[in-house]
> 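Dropping a structure here in structure tokens format, bear with me for questions.
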Amino acid sequence: MIKAVVYLTFVALFAFGLSACSPEIGSKEWCTAMKEKPKGDWTVNEATDFAKNCVITSD
């Protein structure tokens, strides 16, 4: 039982660590990653964020 709890804790921490590696939405790294991602795999929110932050910029 203790091994299972330790294992699940390790897996949860590992998954949390991987999610922290994603670039911030709207950053140049995020825009580049989205350009490389197939358009059919984009969510509506990703497409909206891409349009706001990567296409229509206030620079």
> Using 0.5 Å steps for rounding, measure from the CE atom of Met34 to the NZ atom of Lys39.
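Rounded to the nearest 0.5 Å, the CE-NZ separation comes to 8.0 Å.
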> Compare every heavy atom of Trp30 with every heavy atom of Asp49, then report the nearest pair and how far apart it is.
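Shortest heavy-atom contact: CB-CH2, 3.6 Å.
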> Going hydrophobic residue to hydrophobic residue with side-chain gaps under 4.5 angstrom, can you get from Phe50 over to Val44?
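No, because Phe50 and Val44 fall into different hydrophobic clusters, even though each may have its own neighbours under 4.5 Å.
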> Take atom NZ of Lys3 as the centre, draw a 6.0 Å sphere, and report whether it contains more than 12 heavy atoms from other residues, nucleotides or ligands.
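For Lys3, atom NZ is not crowded (no more than 12 foreign heavy atoms under 6.0 Å).
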> For Gly26 and Cys31, which heavy atoms make the closest approach, and how far apart are they?
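Here Gly26 and Cys31 meet closest at O-SG, 4.1 Å.
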> Could you check whether atom NZ of Lys37 has more than 12 heavy atoms from other residues, nucleotides or ligands sitting under 6.0 Å from it?
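Buried by this count: over 12 neighbours within 6.0 Å.
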